[in-house]
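A short worksheet on the structure shown next.
Labels below follow one simple rule: chain letters A, B, ... track the order of the sequence lines, proteins then strands, and each chain is numbered from 1. In this text the structure is predicted, and so the values were computed from the model without any measurement.
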Amino acid sequence: MTSTESAAANDTPAHRYSGALAQSIEADWQDRWDAEGTFETPNPAGPLADPAAVAGRPKKFILDMFPYPSGAGLHMGHPLGFTATDIYARYQRMTGHNVLYTMGFDAFGLPAEQYAVQTGQHPAITTDQNIANIRAQLRRLGLSHDPRRSISTTDPEYYRWTQWIFLQVFNSWCDPDTKKARPIDELVAEFDSGVRQPTSGSWSAMSPAERRAELDEWRLAYVSDAPVNWCPGLGTVVANEEVTADGRSDRGNFPVFKRNMRQWMMRITAYADRLIDDLDLLDWTDAIKAMQRNWIGRSEGATVHFGSAAGPLTVFTTRPDTLFGATFMVLAPEHPFVDTLTTPEQAHAVAAYRRAAEAKKDIDRQDDTREKTGVFTGSYATNPMNGAQVPIWIADYVLMGYGTGAIMAVPCGDERDFAFARTFGLPIVAIQQPADRSLDTSTWDDAYVGDAPYVNSSNESLALDGITSIAEAKRLTIDWLVAHGHGEGTTTYKLRDWLFSRQRYWGEPFPIVYDEDGSPHSLPASALPVLLPDTDQFSPRTFDPDDAMSNPESPLDRLGDWVWIEADLGDGPRRYRRDTNVMPQWAGSCWYELRYLDPTNDDSFVDPENERYWMGPQSEGASGGVDLYVGGVEHAVLHLLYARFWHKVLFDLGHVSSCEPFHKLFNQGYILAAAYQDERGMYVDAFGVEESNGTYTFEGRPVTREYGKMGKSLKNAIAPDEVCGQYGADTLRLYLMSMGPLDASRPWESKDVVGV
RNA sequence: GCCCGAGUGGCGGAAUGGCAGACGCGGGGGACUCAAAAUCCCUUGUUCGCAAGGACGUGUGGGUUCGAGUCCCACCUCGGGCACCA
């Protein structure tokens, strides 16, 4: 009996309701799709090449954010995006396009490792099982993926190239003149020829070790002893992007402490301007672009040097035009000048305040509701504009990590400075004449922020008085500062360099070894992949989550046989110590779209011809990149920022022809889903209505609570002029129904349905 | 507080400044059937009217225009992001 006949025999109303007939028909077709390679996509070059099939067909590269292979399988957010891309991909094929559409797995990371620790099973085993399970689920959904192009970030043949790209980054520097990455050898050549000078000292007089240290200062990937986010509860350091606003870890919700530690960093700040400016080339929503701009946080202003007993005290301000109104200075409690500036009379109070600020660091610092605290150091600074002696205070509303860690306070024009001045009785001098206020600031209720003619703002060589334009006053002030050597125009960013090492097991090892001096050396590309060593001790060292003074300890540290190696890196065989950190989960997802293009290439991470074909700019000045990228908005400042950064480095070094990885981005939003139960089992639907009393109903029945919301129709957002069938809730509803009854024993949690 | 975005039938949602509500869901009526399901046909913004036909309609109030869902100003509501960033 064929499966169609058996399906017909089972064609009872109950079977139809449960979808058994539909599933058996689907299974026949899915077998045939596999057997005939229906969805296999030809490349112009390499092992998957079929130039005749490529010729004359415009290309479309359609991409989903690839899933983490969770043990629970796909969650219901996944089919929302996958369905949309599948429909779009099928439509594009039917209209003559050569469509690249496949699916991979972002499989390194903490959940697999934590599960392994609990069960004693190696994460590679559970990861493989989970991937097999999800592949079966994807197949059952009938998605038209090219199965030959599927990858997993944990496959050594994949992470070999992740390590290779790391080496490209490590062996590069960002030319400050062009803001582009160049090979480190070219920096050496510039030092040799004297075209460029080292940051300190003379290149020709440097020892080999000094030269190595100098070069490390320039690299795009570098080891730094700087304040990082140490999370004892996770046993690892984490990136800024992975710390929540209340100072806890994004994953696990453990306390995070700022500690100076020696860690790998990526110089993403060197790309800050391009990461902002190139957003203009992208077809992304304003919301996501705004999030990236805000995260990068570019502020244009000036640095100004005030005279102080500890030397020039430099501040950053976006309002240099208000310098005449600076009536006091405020330093972050951690500022290095504090010790020198504190007078004996104030020493006790300053020390107490610094201790208190240190103690309340993360969470508490958020909690106190903008009540201004601070302490006078006893010292004064000299305002370069008018020679005024202004008191220097310390306060925790000034952050060491932004600007210079010191501010000039202009209470007449800044709310925070105004509040601080009022709290501590510091002078407030008006430097603008608002139309509706007196110049007597004791009558003011708040700071005045806006255009108004300047007053009290002139000295013997600069006259701002009477000017009404803030922009003009800024320009005149900066010109004056430069002319008199008191400062210059400056741009600062909130973005910090990307902390790139983790003290975990389940990640990509670094292709780096250290010599006896502790200097890092890159391994040659021929040594790749650096395989993650096998062990049964993949559990990280666990700490008391509140023990800020504990020290991270990578599981790889314990593997002595692996850690120490003999190698000849150009100056004879020597003994080296391997780097025992692993890369963060984001590493593998920074370039996976490129590997889909050429998944079996052993000679390079992607053949240039294939990259040009699928990703290359379609017109002069265009960014190039993936034609449609669908995924969750929660990656707006994590994956999407990191991937753009790596892609730009690869672009600068000539490895890719596209300057951006993802040309069009669509965030599918969340599913408004309702799970409900009746005599036939538990079902889920893509509708749900919130009643005014806060309960949820579906078709008049109460349902389990909530589950996000669904944005505008996918149809409209994806391709208003290329509609094939209906997208959105109705289609989604059919797909979700086709998945059959849910496991009623596993209640839906909001995280199951929020985000993809 | 600051920065984005969105408000159109019962629902999802269409509309280069030019017949608002395409397409679909849901609803109503009919065909087929012993009856249902599926399928097909008609109908479906509100309102007045027996009808022909008319009036009113895109969050609110103004404005520009021969003409505004669309452009401008002010406001209201909802959603999202950031939050002592100098």
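Here the nucleotide nearest the side chain of A/Thr318, chosen from B/C82, B/A86, B/C4, is B/A86. Of the candidates B/C4, B/A86, B/C82, the closest approach to any side-chain atom of A/Asp286 belongs to B/C4.
The CZ atom of A/Phe418 sits 21 Å away from the P atom of B/C84 (whole-angstrom rounding). Computed from coordinates, the A/Leu495 CG to B/C82 P distance equals 15 Å when rounded to whole Å. For the pair A/Lys494 NZ and B/G81 P, the computed distance is 15 Å after rounding to whole Å. For A/Ile392 and B/A86, the CD1 to P distance is 22 Å, given to the nearest whole Å. A/Tyr397 places its OH atom 8 Å from the C1' atom of B/C84, with the value rounded to the nearest Å. Counting to the nearest Å, the P atom of B/A86 and the CZ atom of A/Arg319 are 12 Å from each other. Counting to the nearest Å, the C1' atom of B/C84 and the CG atom of A/Asp396 are 9 Å from each other. Rounding to whole angstrom units, CD1 of residue A/Ile276 and P of B/C3 are separated by 17 Å.
Shown here, B/C2 forms a base pair with B/G81; the pair counts as Watson-Crick or G-U wobble because both key distances fall under 3.5 Å. B/A51 is unpaired under the criterion used here, namely a Watson-Crick or G-U wobble arrangement in which both key atom distances are under 3.5 Å. A 3.5 Å limit on both hydrogen-bonding distances identifies B/G59 as the Watson-Crick or G-U partner of B/C75. Taking a pair to require two hydrogen-bonding distances under 3.5 Å in either a Watson-Crick or a G-U wobble arrangement, B/U33 remains unpaired. Nucleotide B/G18: paired with B/C66 (Watson-Crick or G-U wobble, both distances less than 3.5 Å).
Not a single salt bridge (charged side-chain N to carboxylate O under 4.0 Å, His left out) links A/Asp286 to another residue, sequence neighbours left out. Residues satisfying the salt bridge (charged side-chain N to carboxylate O under 4.0 Å, His left out) test with A/Arg293, not counting sequence neighbours, are A/Asp280.
Across all non-hydrogen atoms, the minimal contact from A/Ser379 to A/Phe376 is O-CE1, 3.5 Å.
Stacking of A/Arg644 on the aromatic ring of A/Trp284 is recorded, both the 6.0 Å distance cut-off and the 45° axial limit being met. Remark: A/Lys372 qualifies as a cation-pi partner of A/Tyr397 under the 6.0 Å distance and 45° angle criteria applied to the six-membered ring.
Contact annotation: the side chain of A/Arg319 approaches that of A/Ile470 to within less than 4.5 Å [non-hydrogen atoms, C-beta and beyond]. The closest side-chain heavy-atom distance from A/Asn383 to A/Met408 is not below 4.5 Å.
The C1' atoms of B/G67 and B/G18 are separated by 7 Å, rounded to the nearest whole Å. Taking atom P in both B/G9 and B/G13, one finds a spacing of 12 Å when rounded to whole Å.
Residue contacts shown for A/Asp414 are absent, as no nucleic acid heavy atom lies under 4.0 Å away.
Within residues 290-308 of chain A, the residues that place at least one heavy atom under 4.0 Å from RNA chain B are, in residue-number order, A/Met291, A/Ser299.
Put simply, the side chain of A/Tyr353 gets close to the backbone of A/Asp396: a donor and an acceptor are under 3.5 Å apart.
For A/Lys289 against B/C4, no side-chain N or O and base N or O form a donor-acceptor pair under 3.5 Å.
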